[in-house]
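One-based numbering along the sequence shown. The figures here come from the full heavy-atom set of this structure, side chains too, leaving out hydrogens, waters and symmetry mates.
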Amino acid sequence: MMGKITFYEEKNFQGRSYECMSDCSDMSSHMSRCQSCRVESGCFMLYEKNNYMGQQFFMRRGEYNDMHRMQSMGMMFDNIRSCRMIPFHRGQFRMKIYERENFGGQSNEMMDDCDNIQDRYRMSDCQSCHVMDGHWLMYEQPHYKGRMMYMRPGEYRSFREMMSGQRFMSMRRITDMC
């Protein structure tokens, strides 16, 4: 299943638009700013900087007519500079989280959502992880709050280096087709 998102330079789906059905590392050649968007199918991560850097926000099917008003939903940026389509995953989800960088310290394997690693695993911190299966969202605060980061299958040795000191306290699987 393909995803489709359309970005608009002005609020309420006005002005120049850019339709995207895959990853886009630099939207500046297509439009100067993004004030609204419409997700017609699939799920996407939006980024405030080029090359999938900076603040991230998870978008599912729906209409977002004023990006400025979305600050209450956790979006802390005015402009979108890149986006990544999240493929739908069928099958199990597996991720191993580590207390320290470079896969050090206490570790735990997860196969489902965790709203608080301190309560569930008695871990005070999560500084690295290995995503074996599925696509995940990791949040800096318990109960899926605060800044988030999209994790695809792969090894992530240092969250400090990736996100300038960010730590993660809750994790959620991306299970819906949006």
Side-chain angles (χ1 to χ4, degrees), residues 1-9 11-13 17-28 30-31 33-95 97 110-115 126 129-156 159 162-163 166 168-178:
M1 180 178 159
M2 294 293 300
K4 181 178 175 185
I5 186 170
T6 305
F7 299 97
Y8 298 86
E9 283 191 334
K11 295 177 186 176
N12 299 314
F13 318 111
S17 65
Y18 171 62
E19 188 177 283
C20 187
M21 294 176 27
S22 62
D23 296 353
C24 180
S25 64
D26 183 2
M27 291 177 36
S28 62
H30 304 287
M31 55 195 325
R33 64 182 178 193
C34 176
Q35 299 290 315
S36 58
C37 73
R38 182 178 285 131
V39 180
E40 294 182 36
S41 61
C43 296
F44 289 83
M45 285 305 291
L46 305 185
Y47 300 83
E48 73 171 331
K49 296 181 181 175
N50 293 341
N51 299 314
Y52 320 111
M53 303 295 288
Q55 293 278 358
Q56 303 180 23
F57 194 74
F58 177 70
M59 305 293 278
R60 59 173 29 109
R61 186 185 338 226
E63 294 187 344
Y64 305 89
N65 67 342
D66 185 353
M67 298 303 246
H68 291 287
R69 287 186 35 218
M70 291 182 61
Q71 287 182 350
S72 64
M73 294 173 56
M75 185 178 275
M76 297 302 204
F77 51 91
D78 295 335
N79 260 326
I80 311 299
R81 297 288 182 219
S82 56
C83 73
R84 189 176 297 262
M85 189 183 81
I86 301 172
F88 180 66
H89 175 75
R90 297 177 204 272
Q92 70 178 7
F93 287 77
R94 285 185 347 154
M95 174 171 57
I97 58 173
M110 303 172 54
M111 296 180 78
D112 60 355
D113 300 350
C114 176
D115 69 349
C126 175
C129 76
H130 179 200
V131 177
M132 284 87 75
D133 295 300
H135 299 263
W136 298 74
L137 290 176
M138 297 182 71
Y139 297 81
E140 69 179 341
Q141 297 172 17
H143 309 290
Y144 318 114
K145 296 189 179 180
R147 293 188 302 171
M148 67 178 74
M149 187 164 160
Y150 167 51
M151 308 299 261
R152 310 187 287 184
E155 293 183 347
Y156 301 88
F159 297 148
M162 292 169 58
M163 296 289 288
Q166 187 164 342
F168 296 106
M169 300 302 292
S170 55
M171 298 81 182
R172 177 180 278 165
R173 300 163 295 151
I174 301 174
T175 58
D176 55 356
M177 292 176 54
C178 305

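His130 is linked by a ring-ring contact (aromatic ring centres under 6.0 Å, His included) to nothing, counting only residues two or more places apart in sequence or in another chain. With sequence neighbours left out, the salt bridge (Lys or Arg N to Asp or Glu O under 4.0 Å) criterion links Asp113 to Arg173.
The shortest side-chain heavy-atom distance between Phe93 and Met132 does not fall under the 4.5 Å cut-off. Side chains of Trp136 and Ile174 form no contact here, defined as non-hydrogen atoms less than 4.5 Å apart. Phe57 is not listed as a side-chain neighbour of Ile80, based on a closest heavy-atom distance of 4.5 Å or more. Side chains of Arg147 and Tyr139 form no contact here, defined as non-hydrogen atoms less than 4.5 Å apart. With a 4.5 Å cut-off on side-chain heavy atoms, Met59 and Tyr64 count as touching. A 4.5 Å side-chain heavy-atom check between Arg81 and Met27 finds every atom pair outside the cut-off. Side-chain contact check for Tyr8 versus Cys34: every heavy-atom pair is 4.5 Å or farther apart. When side chains are defined from C-beta on, Met151 does not count as touching Leu137, because their heavy atoms never get closer than 4.5 Å.
The distance between the ring centers of Phe168 and Phe159 falls below 6.0 angstrom.
Of all heavy-atom pairs between Cys24 and His30, the closest is SG-CD2, 4.2 Å.
Within the model, atoms CE of Met148 and CZ of Arg172 stand 8.5 Å from one another, a figure rounded to the nearest 0.5 Å. For the atom pair CG (Asn65) and CD (Gln35), the distance works out to 11.0 Å, reported to the nearest 0.5 Å. Interatomic distance, OH of Tyr156 versus CD1 of Ile97, reported as 15.0 Å (0.5 Å rounding). Distance check, rounded to the nearest 0.5 Å: SG of Cys83 to CZ of Phe7 gives 4.0 Å.
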*Residues Met138, Cys129; criterion side-chain contact (heavy atoms from CB on, under 4.5 Å); working and verdict*: CA-CA 11 Å; Met138 297 182 71; Cys129 76; 4.2 Å; yes
*Between Cys126 and Met171, is a side-chain contact (heavy atoms from CB on, under 4.5 Å) present by the stated rule, with each step listed?*
CA-CA 11 Å; Cys126 175; Met171 298 81 182; 3.9 Å; yes
*Would you please test Tyr47 and Met53 for side-chain contact (heavy atoms from CB on, under 4.5 Å) and show each step?*
CA-CA 6 Å; Tyr47 300 83; Met53 303 295 288; 6.0 Å; no
*asked:* Could you go through Arg84 and Phe44, starting from their C-alpha distance and side-chain angles, then the distance that decides it, and tell me whether this counts as side-chain contact (heavy atoms from CB on, under 4.5 Å)?
replied: CA-CA 6 Å; Arg84 189 176 297 262; Phe44 289 83; over 6 Å; no
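Looking only at distances, no side-chain donor or acceptor of Asp66 sits under 3.5 Å from a matching main-chain atom of Lys11. In terms of modelled atom types and a separation under 3.5 Å, the side chain of Glu140 and the main chain of Met169 share no donor-acceptor contact. The backbone N or O of Tyr144 sits less than 3.5 Å from a side-chain atom of Ser170, completing a donor-acceptor pair. One N or O on the side chain of Ser82 and one on the backbone of Lys49 form a donor-acceptor pair closer than 3.5 Å. Formation of a donor-acceptor pair under 3.5 Å by the Thr6 side chain with backbone atoms of Glu19 is not found in this model.
The side chain to side chain contact (heavy atoms under 4.5 Å, CB included) test with Gln92 is passed by exactly one of Arg90, Arg94, His89: Arg94.
By the 6.0 Å contact criterion, CE on Met111 is enclosed, its count of non-hydrogen atoms from other residues, nucleotides or ligands being greater than 12.
Note: His135 and Tyr150 have parallel aromatic rings, judged against thresholds of 30 and 60 degrees for the angle between ring planes.
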